[in-house]
Amino acid sequence: MPPTMATRARFVYSRRRAADEEEEQEEASSSSSDEEEEEEAEVEGSDEEGDAEEEEEEADADEPAVKASPSAAAGAKAPGRGGRKGPITISLKKVCKVCKKTGHQAGFKGAVYIDCPMKPCFLCKMPGHTTLTCPHRVAMEHGVIPAPRRNTNTSLDYVFQSQIKGKISMVKPRFLVPNQLECGNIKFHQRRVTCLEFHPTQNNVLLSGDKKGLLGIWDYVKLHEKVTYDSVHSCILNSMKFDTANDGVLYTASSDGTISSTDLDTGIGSPLLNLNPDGWSGPSTWRMIYGMDLNTEKGLLLVADSFGFLYLLDRRSKTRIGQPVLIHKKGSKVTGLHCNPAQPEVLLSSGNDHFARIWDTRKLEPKSSLASLAHGRVVNSGYFSPRSGNKILTTCQDNRIRVWDYIFGNLESPSREIVHSHDFNRHLTPFKAEWDPKDYSETVAVIGRYISENHNGVALHPIDFIDTSTGKLLAEVMDPDITTISPVNKLHPRDDILATGSSRSIFIWKPKNDTDDPTEERTSQKVKEYVYGSGSRKKSNGKHGDSSDDDSDGGTGGKNKKAKKTRFTHTAKGKGKSKA
DNA sequence: ACTTGATGATCCC
DNA sequence: TGGGATCCCTCAAG
């Protein structure tokens, strides 16, 4: 059932329900037959709102007028508020919730979303068609805009010399898509998941951060071993990085303006950096940290704030090195940082100023970037390829994944732009395309998809595996039990495992094993185990547990004590802060 | 089965 | 250059 369908449209809808998708498409792309009957009910003129509402009541005696037409009521009030002049058009029948015009309706019809035809395509952003007919949707393998490859030298040549050649394997590795849901941790977090990271040495341990700053640790094989720490950060946990010298320590970056070095056994964090030492004095001065990376060679922590500045920290002495450097437009957010895996001195930054930039951290000055990569909108992320470091992959809010095949070449335009739905939505964690760290050929990337696909009558949002060398869609990973969007995805550095953050839940995917029970039933059952609690917990009701879920494994004992030496065995909320 | 609210980038003056 | 209205496939609580 489409929950967004307006009450008043029910008649039209039920009449049409039996109709197939084609008719719906037709309706969406052109003004067709059905509207005629609504036009007559339209009230035009410069009536005052009171009049208009009365009219409506009479016309729609069947239904409570106010309730039935919230959009019309809002529309009637708008002129008074906004001072808009001219005739007011009040529709008594269905009004498009996007453009407020009659004759069509945007929204879900069953599991299919019908676009507003007055807007540019929600996928490729071009006018003249909607998502349903967008060529990039119909055939993903054609969703590539080729760009000429040039070979002009850049200053990056100087930095890299020829050290990288020969590092890339020419042999395509075995590629197993982790396409089957293995297990999940439903509502492990109280707010939406913002980042994920696999533990570097403990193979089955997944770290997760959320919008409230909660840090989660979960062993997805032992399942019941999970911990959450709520005292490390006070708001959005944007990035996590392990200390390569000590894998018991995790660096975290947060919108609270701090970098924390957290002991995973105790959950006790010591601040490495606090950009808001004087506390809150309004949003215009509050600094948030999104981008962070570690230069392991130099023991250097690189951090960037929401005002465009980059900070260098010495990991051991915990002191700042030099002054902050402006690396993106002043006052704009730096969304991400990545040190080149082959040449850690080389840094890639992405920002809200619609640019990704490459820097030499040994020679940092404002405007001293080695290259500036222009994008259509905000750049959510930018990553060097995981082994050779000589490719770049960026995710931009203009619904394009950009690939630069060779950073020695001319970087003015990307080698490819891959149209892919990962639009910005303020309620979703920004999408980020990430390389598969196991793929020696450096071609496979994973990214969640915003727009849904009708999957047996259910709107599902797949996780896409994309061949970045061709733009071809290699695999769509989804499960009928997961109806929410999955903007956060992480591929395991060694195993064929995908971790997904979707809303407040975390999921683990594995490749489908032929020896496994092939029925979907098994998958569903597995998820439900976590829906209803792990181990000792009994199924309490027919719905997903509420936020008390987090305490569900209290049965393992020692609930309010610290997690001391027994790691990850129970839910610990902060260090001794938990309520009695 | 509806409504509500949280809240980031953008656009427009 | 800055404040305020606007917004398109959210999600889950009530």
Side-chain angles (χ1 to χ4, degrees), chain A residues 1-8 10 28 63-64 66-71 73-74 78 81-84 96-100 104-125 130-132 134 137 186-187 189-194 210-212 235-236 238 255 282-284 288 290 306 329-333 335 351-354 375-380 396-399 421-431 448-455 458-462 482-487 501-505 543-549:
Chain A
M1 285 294 113
T4 51
M5 188 58 64
T7 358
R8 58 183 57 254
R10 198 175 291 142
E63 298 167 13
V66 178
K67 199 186 171 194
S69 183
S71 53
R81 269 204 316 253
R84 236 184 293 153
C96 174
K97 65 177 180 183
V98 177
C99 70
K100 308 286 183 278
H104 63 271
Q105 260 221 324
F108 274 107
K109 280 184 164 61
V112 178
Y113 190 92
I114 308 297
D115 272 359
C116 171
M118 310 302 284
K119 291 278 182 176
C121 173
F122 191 62
L123 209 196
C124 74
K125 307 297 178 195
T130 64
T131 317
L132 279 175
C134 179
R137 174 170 187 151
I186 304 291
K187 291 188 190 173
H189 285 271
Q190 296 159 9
R191 288 289 180 261
R192 64 172 202 243
V193 172
T194 51
D210 76 15
K211 212 180 138 281
K212 270 267 158 67
C235 62
I236 318 179
N238 291 310
S255 287
S284 59
M288 300 180 272
Y290 285 81
S306 52
K329 188 181 170 187
K330 196 170 185 180
S332 76
K333 186 192 349 182
T335 54
N352 261 23
D353 61 355
H354 304 192
H375 289 70
R377 280 216 259 159
V378 169
V379 190
N380 285 346
C396 178
Q397 290 182 8
D398 65 0
N399 266 359
S421 173
H422 50 256
D423 234 343
F424 171 79
N425 179 316
R426 67 190 138 163
H427 308 296
L428 297 174
T429 303
F431 292 85
R449 195 193 304 172
Y450 192 161
I451 55 173
S452 59
E453 210 63 60
N454 181 358
H455 193 261
V458 187
L460 297 179
H461 308 266
I482 304 173
T483 55
T484 48
I485 293 172
S486 304
S502 193
S503 187
R504 303 176 186 185
S505 304
K543 295 187 78 177
H544 288 192
D546 57 18
S547 53
S548 66
D549 223 41

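Each chain gets a letter, A, B and so on, in the order its sequence line appears, and its residues count up from 1.
Remark: C1' of B/dT3 and NZ of A/K97 are 14 Å apart, rounded to the nearest angstrom. In this entry the distance linking NE2 of A/H461 with P of C/dC11 reads 6 Å, nearest Å. Note: CG (A/N352) to P (B/dG8) measures 11 Å, nearest angstrom. Per the geometry, CZ belonging to A/R191 stands 10 Å off C1' belonging to C/dA13, to the nearest Å. Rounded to whole Å, atom P of B/dT7 lies 13 Å from atom CG of A/D210. Per the geometry, CZ belonging to A/R192 stands 10 Å off C1' belonging to C/dT10, to the nearest Å. Between A/Y113 atom OH and C/dT10 atom C1' the separation is 12 Å, expressed in whole Å. Atoms CG (A/N454) and C1' (C/dC9) sit 13 Å apart, rounded to a whole Å.
Contact of the A/C121 side chain with the A/T131 side chain is registered, since non-hydrogen atoms from C-beta on lie closer than 4.5 Å. Counting heavy atoms from C-beta on, the side chains of A/H354 and A/V378 come closer than 4.5 Å.
Each of B/dG8, B/dT10, C/dC9 was ranked by its minimum atom distance to the side chain of A/Y450; first place goes to C/dC9. Of the candidates C/dA13, B/dA9, C/dC9, C/dC9 carries the atom nearest the A/D115 side chain, counting heavy atoms from C-beta on. The nucleotide whose nearest atom lies closest to any side-chain atom of A/F424 is, among C/dA13, B/dG8, C/dC9, B/dG8. Listed nucleotides C/dA12, C/dC11, C/dC9 differ in distance to A/L428; the shortest reach to its side chain belongs to C/dC11. In the set C/dA13, B/dT7, C/dC9, the nucleotide with an atom closest to the side chain of A/F108 is C/dC9. Nearest to the side-chain atoms of A/Q397 among the listed nucleotides C/dA12, B/dA9, C/dC9 stands B/dA9.
A donor-acceptor contact under 3.5 Å is not formed by the side chain of A/T484 with the base of C/dC11.
Taking only side-chain nitrogens and oxygens, A/H354 comes nearer than 4.0 Å to OP1 or OP2 of B/dT10. Between A/K333 and B/dA9 there is a side-chain polar atom (N or O) within less than 4.0 angstrom of OP1 or OP2. For A/N425 and C/dC7, the shortest distance from a side-chain N or O to OP1 or OP2 is not below 4.0 Å. Put simply, A/R504 has a side-chain N or O that comes within less than 4.0 Å of OP1 or OP2 on C/dA13. Residue A/K100 places none of its side-chain N or O atoms closer than 4.0 Å to OP1 or OP2 of C/dC7.
Within 4.0 Å (heavy atoms only), A/I485 reaches sugar-phosphate atoms of the nucleic acid but no base atom. Within 4.0 Å of A/D423, counting heavy atoms only, lies no atom of the nucleic acid at all. Within the 4.0 angstrom heavy-atom criterion, only backbone atoms of the sugar-phosphate kind lie near A/R377; the bases stay farther away.
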task = Check the pair A/R192, A/D210 against side chain to side chain contact (heavy atoms under 4.5 Å, CB included), reporting the backbone distance first and the verdict last.
result = CA-CA 6 Å; A/R192 64 172 202 243; A/D210 76 15; over 6 Å; no
message = Test side chain to side chain contact (heavy atoms under 4.5 Å, CB included) on A/L132 and A/V112; report intermediate values, then the result.
response = CA-CA 9 Å; A/L132 279 175; A/V112 178; 4.0 Å; yes
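In this structure, A/G376 and A/K211 both approach DNA chain B, and ranking their closest nucleotides by distance from the 5' end singles out A/K211.
Here the rule is side-chain contact (heavy atoms from CB on, under 4.5 Å) with A/I451, and of A/H461, A/R137, A/H422 only A/R137 fits it.
Aromatic ring pairs are classed by plane angle as parallel below 30°, tilted from 30° to 60° and perpendicular above 60°; the pair A/Y113 and A/F108 is perpendicular.
C/dA13 is paired with B/dT3 under the Watson-Crick or G-U wobble criterion, all donor-acceptor distances under 3.5 Å.
Straight-line distance between the C1' atoms of B/dC11 and C/dC9: roughly 23 Å, to the nearest whole Å.
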